[in-house]
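Notes follow once the structure below has been shown.
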Amino acid sequence: MPMQQQKRQPELVEGNLPVFVFPTELIFYADDQSTHKQVLTLYNPYEFALKFKVLCTSPNKYVVVDAAGAVKPQCCVDIVIRHKDVRASHFGVIDKFRLQVSEQSHRKALGRKEVIAMLLPSAKEQQQKDEEEKRMKEHFAESVFFEQAPSQPDTRNSSSGPSLLMVFLGMVCIAALMMPTLGEMESMVPLYLHLSVNQKLVAAYVLGLVTMVVLRT
């Protein structure tokens with residue numbers, strides 16, 4: 001009979017053994033002292049006993065009752081966790097608990113499971129957020145969507161008017177055409193602002209292009 005039980009026992013590989021813990025997250029509320037004490041339940045569905053150890057990323061915040069112990073085959077054990085450092089600076093900070101299990105005769109961990117812990121300011125506020133999210137999900141679930149028929153884009157309303165770049169370029173060209181031509185001596189405009197005939201022809205050409213673009217918009 002012991003030989004048959006030994007055959008049924010699974011091959012134990014370090015780190016691969018599934019660990020069954022409930023719940024998978026602990027939420028503490030600052031305004032509700034009843035939530036400052038929570039319980040983790042560790043299940044052992046196997047035919048051999050397990051040792052367990054509880055580790056934490058922020059051990060100064062919590063008190064873990066029976067942080068190490070054993071679970072009999074096909075039994076469970078409750079692990080009490082208390083939050084002892086409730087303050088506003090810890091709101092929303094995610095801490096983690098890790099439950100490591102091993103066989104009675106071995107020290108190496110056969111499996112591990114992490115549980116998230118978080119402190120929130122108010123249970124009522126969180127409940128309201130949950131209800132809003134639930135209503136939003138129900139609204140989207142009940143919505144009926146129809147296929148959108150393809151349509152040709154309306155080019156007439158695609159633009160509300162000429163762009164600022166076109167307007168600025170046109171004003172520059174007009175200003176260039178109003179500048180005196182190179183060689184005029186009676187002008188009061190400084191000499192470096194005098195433009196040649198070719199430069200004015202280029203400005204007139206660009207102004208014509210800008211005018212066509214503006215009229216099309």
Side-chain angles (χ1 to χ4, degrees), residues 15 23-32 55-62 83 85-98 112-217:
T24 56
E25 62 178 17
L26 301 175
I27 304 298
F28 303 88
Y29 297 102
D31 64 343
D32 187 357
L55 306 176
C56 183
T57 56
S58 301
N60 296 330
K61 294 183 184 179
Y62 305 93
H83 202 304
D85 193 7
V86 178
R87 64 173 92 174
S89 60
H90 294 158
F91 290 168
V93 178
I94 297 177
D95 300 321
K96 291 182 180 180
F97 289 93
R98 173 178 289 180
R112 57 181 59 90
K113 182 76 171 181
E114 292 186 353
V115 177
I116 293 175
M118 184 185 300
L119 176 66
L120 297 177
S122 174
K124 294 181 179 179
E125 293 180 2
Q126 186 64 28
Q127 184 178 3
Q128 292 176 356
K129 291 181 181 179
D130 294 341
E131 290 178 354
E132 291 178 1
E133 292 179 358
K134 183 179 179 181
R135 286 196 298 267
M136 290 294 292
K137 290 180 181 179
E138 291 176 351
H139 173 73
F140 283 115
E142 295 174 356
S143 299
V144 179
F145 294 90
F146 300 93
E147 183 177 356
Q148 181 68 41
S151 60
Q152 296 294 332
D154 190 357
T155 57
R156 294 175 300 176
N157 297 328
S158 60
S159 178
S160 58
S163 64
L164 294 177
L165 178 60
M166 292 293 102
V167 174
F168 176 75
L169 190 58
M171 294 178 64
V172 171
C173 293
I174 294 173
L177 293 175
M178 295 179 63
M179 291 293 105
T181 306
L182 191 64
E184 294 183 7
M185 305 301 297
E186 299 179 355
S187 175
M188 301 295 294
V189 179
L191 184 61
Y192 64 86
L193 291 178
H194 290 207
L195 302 179
S196 64
V197 175
N198 290 335
Q199 290 174 330
K200 287 196 172 185
L201 288 176
V202 172
Y205 177 74
V206 174
L207 180 61
L209 295 178
V210 171
T211 305
M212 292 178 60
V213 172
V214 171
L215 292 177
R216 286 183 178 180
T217 56

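Please read these numbers as outputs of a predicted model, since none were measured by experiment. Here, residue 1 is the first one in the sequence, and each next residue gets the next number.
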| query | L26 versus H83: any side-chain heavy-atom pair under 4.5 Å? | reply | no
| Do L169 and V206 have side-chain heavy atoms sitting under 4.5 Å apart? |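 Yes, their side chains come closer than 4.5 Å.
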| said: Please verify the inter-ring angle class for F97 with Y62; under 30° counts as parallel, over 60° as perpendicular, anything in between as tilted. | reply: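 Perpendicular, since the angle between the ring planes exceeds 60°.
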| message | Using 0.5 Å steps for rounding, measure from the CD1 atom of I27 to the CE atom of M118. | response | 5.5 Å
| query | For the atom pair OG1 (T57) and CD1 (I116), what is the distance rounded to the nearest 0.5 Å? | reply |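 Here the rounded value is 10.0 Å.
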| task | Take atom CD of E114 as the centre, draw a 6.0 Å sphere, and report whether it contains more than 12 heavy atoms from other residues, nucleotides or ligands. | result | yes
| task | Decide if atom CZ of F168 counts as having more than 12 heavy atoms of other residues, nucleotides or ligands within a radius under 6.0 Å. | result | no
| request: Please name the pair of heavy atoms, one in S58 and one in D95, separated by the smallest distance, quoted to 0.1 Å. | output: OG-OD1, 3.1 Å
| query | Between H90 and L119, is there a donor-acceptor pair closer than 3.5 Å when you use the side chain of the first and the backbone of the second? | reply |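 A pair under 3.5 Å: no.
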